[in-house]
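Worksheet: the structure to be examined is printed underneath.
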Amino acid sequence: MKIHLLLKKEEIDSVQMDDSKITVVFDVLLATSTITACLDYGAECVVPVMDEAEALREAKKFFQEDVSLVGEYDGKTIDGFLDPAPLALKEHVAGKTVVLSTTNGTVAIRKAASAKEVYIASLLNGKAVSKQIVETYDNETIVVVCAGSKNKFCIEDFFGAGYFIHQLVNEYGDYTDLTDSALAAKLFYENVEGKDVLCNSRVGQMLVHYERQDDITFVNQQGLLSVIPRLVDGKTIVAEGHPNRLSL
């Protein structure tokens with residue numbers, strides 16, 4: 001199993017995202033953590049969109065009571081949308097289709113849509129997703145995508161990707177072939193685990209400023225959830241398996 005890592009979503013265009021690649025997308029603060037949490041809360045599915053305009057078009061396809069319109073741009077909640085912080089959505093998504101627009105994470109997911117499979121991962125469910133991949137695929141190329149932030153590297157995504165790659169290697173053993181970027185993420189995670197990477201990151205500091213410390217604490221729980229979000233039909237994320245909490 002070959003494992004490669006992209007440092008930001010803008011690098012996706014330089015990689016042949018075709019039906020020979022298994023892609024795993026990380027936007028730890030907060031899109032992929034939010035998607036994982038929404039499916040754990042009982043959302044029917046999540047529709048990741050490119051921007052506000054597409055979100056409004058998608059939402060019109062559903063009865064108002066069946067959809068939750070969620071989104072931010074540049075860290076600020078879009079007018080008329082729900083705040084895309086995981087804890088803020090707990091009472092608003094059960095049984096609904098969540099239409100989600102974010103600056104980076106949902107864009108990364110859509111850019112990766114031509115891959116053979118696209119999984120959505122975070123610290124919350126990285127263990128479950130790694131286990132799913134090891135049990136499902138053999139001799140595949142895994143491309144781990146860090147969403148980054150508007151063409152900039154984000155350390156929290158690199159940390160989350162390192163956690164995931166660490167789990168993959170533990171599951172798959174000597175049969176993994178890591179590129180230098182994937183190895184760097186793994187070593188980074190293994191050497192800084194236990195330190196407050198998320199809070200000290202640029203995006204983390206912004207969330208602290210907006211009094212979202214509780215959300216950072218929540219999404220920093222490694223391996224908490226067993227929900228496995230997967231992109232189907234190129235535009236809808238559904239949960240594989242059962243969205244129950246793992247034993248820590």
Side-chain angles (χ1 to χ4, degrees), residues 1-28 31-33 35-36 39 45-46 48 104-148 153-154 157-190 222-223 225-243 246:
M1 181 181 287
K2 185 173 184 178
I3 305 170
H4 181 48
L5 180 136
L6 304 182
L7 296 174
K8 51 189 178 180
K9 64 185 181 298
E10 287 77 12
E11 295 180 7
I12 292 174
D13 292 337
S14 66
V15 174
Q16 291 295 323
M17 279 296 179
D18 54 31
D19 60 7
S20 68
K21 307 291 194 310
I22 309 299
T23 302
V24 184
V25 180
F26 279 84
D27 185 352
V28 173
T32 61
S33 300
I35 291 166
T36 301
L39 293 171
C45 62
V46 178
N104 300 293
T106 57
V107 176
I109 292 165
R110 289 285 296 278
K111 285 171 70 71
S114 59
K116 180 177 181 178
E117 295 288 358
V118 179
Y119 290 92
I120 287 76
S122 63
L123 292 168
L124 291 168
N125 69 331
K127 181 177 180 179
V129 175
S130 68
K131 185 176 178 63
Q132 172 80 0
I133 287 175
V134 168
E135 291 179 348
T136 306
Y137 307 102
D138 185 43
N139 198 29
E140 300 274 6
T141 296
I142 313 299
V143 179
V144 184
V145 177
C146 298
F153 168 81
C154 283
D157 295 340
F158 193 63
F159 179 73
Y163 165 66
F164 169 75
I165 295 167
H166 170 85
Q167 295 293 332
L168 268 184
V169 172
N170 282 352
E171 292 276 353
Y172 215 72
D174 294 336
Y175 297 99
T176 52
D177 176 13
L178 276 61
T179 63
D180 284 355
S181 58
L183 177 60
K186 175 179 176 290
L187 292 175
F188 176 72
Y189 166 76
E190 292 169 351
Q222 298 177 17
L225 303 179
S226 63
V227 62
I228 302 166
R230 183 173 65 88
L231 187 69
V232 298
D233 68 27
K235 62 181 181 179
T236 306
I237 299 168
V238 299
E240 286 193 353
H242 301 289
L246 293 170

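One finds the CD1 atom of Ile133 at 9.0 Å from the CD1 atom of Ile3 (value rounded to the nearest 0.5 Å). Atom CD1 of Ile35 is separated from atom OG of Ser122 by 9.5 Å, given to the nearest 0.5 angstrom. Here the SG-CG distance, from Cys146 to Asp27, works out to 9.5 Å after rounding to the nearest 0.5 Å. If you take OG on Ser130 and CD1 on Ile228, they are separated by 9.0 Å, rounding to the nearest 0.5 Å. To the nearest 0.5 Å, atom NZ of residue Lys21 and atom CD of residue Glu117 are 14.5 Å apart. Atom SG of residue Cys45 and atom CD1 of residue Ile237 lie 9.0 Å apart, to the nearest 0.5 angstrom.
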TODO: Given side chain to side chain contact (heavy atoms under 4.5 Å, CB included), test Asp138 with Tyr172 step by step and report yes or no.
DONE: CA-CA 10 Å; Asp138 185 43; Tyr172 215 72; 2.5 Å; yes
Open item on the list: Between Glu140 and Lys2, does the salt bridge (Lys or Arg N to Asp or Glu O under 4.0 Å) criterion hold? Intermediate values first, please.
Closed with: CA-CA 6 Å; Glu140 300 274 6; Lys2 185 173 184 178; over 6 Å; no
- [ ] Any chance you could lay out the side chain to side chain contact (heavy atoms under 4.5 Å, CB included) test for Ile120 and Arg230, step after step, and finish with the verdict?
- [x] CA-CA 6 Å; Ile120 287 76; Arg230 183 173 65 88; over 6 Å; no
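Judged purely by atom type and a 3.5 angstrom limit, Asn125 has no side-chain atom pairing as donor or acceptor with the backbone of Ser226. For the pair Asp177 (side chain) and Met1 (backbone), a donor-acceptor distance under 3.5 Å is absent. Although no hydrogens or angles enter the test, the distance criterion places a donor-acceptor pair under 3.5 Å between the side chain of Ser181 and the main chain of Leu5. Listed for the Ser114 side chain is a donor-acceptor partner under 3.5 Å among the backbone atoms of Met17. Gln132 contributes no side-chain N or O that, together with a main-chain N or O of Ala128, makes up a donor-acceptor pair within less than 3.5 Å. Using modelled atom types, one side-chain atom of Thr36 and one backbone atom of Thr32 make a donor-acceptor pair closer than 3.5 Å.
Residues Val144 and Leu6 are not in side-chain contact: their nearest non-hydrogen atoms beyond the backbone lie 4.5 Å or more apart. Side-chain contact between Gln222 and Lys127 is absent, with no heavy atoms from C-beta onward closer than 4.5 Å. Contact annotation: the side chain of Leu231 approaches that of Pro48 to within less than 4.5 Å [non-hydrogen atoms, C-beta and beyond]. Using a 4.5 Å cut-off on side-chain heavy atoms (C-beta onward), Val24 and Val118 make no contact. At a threshold of 4.5 Å between non-hydrogen side-chain atoms, the residues Val134 and Tyr175 do not count as touching. Considering only heavy atoms from C-beta on, Lys9 comes within 4.5 Å of Val107 through its side chain. Contact annotation: the side chain of Phe26 never approaches that of Val145 to less than 4.5 Å [non-hydrogen atoms, C-beta and beyond]. Within the 4.5 Å cutoff, no side-chain heavy atoms of Ile22 are placed close to those of Thr141.
Within 6.0 Å of NZ in Lys131 there are 12 or fewer heavy atoms belonging to other residues, nucleotides or ligands. Residue Phe153 qualifies as enclosed at atom CZ: its count of foreign heavy atoms under 6.0 Å is above 12.
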Using distance only, find each side-chain donor-acceptor pair of residues 158-169 under 3.5 Å and give its atom names and separation, not counting sequence neighbours.
| from | atom 1 | to | atom 2 | distance (Å) |
| --- | --- | --- | --- | --- |
| Tyr163 | OH | Gly223 | N | 3.2 |
| His166 | ND1 | Glu190 | OE2 | 2.8 |
| His166 | NE2 | Asn170 | ND2 | 3.2 |

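Not counting sequence neighbours, the partners of Asp233 by the side-chain contact (heavy atoms from CB on, under 4.5 Å) test are Lys235, Thr236.
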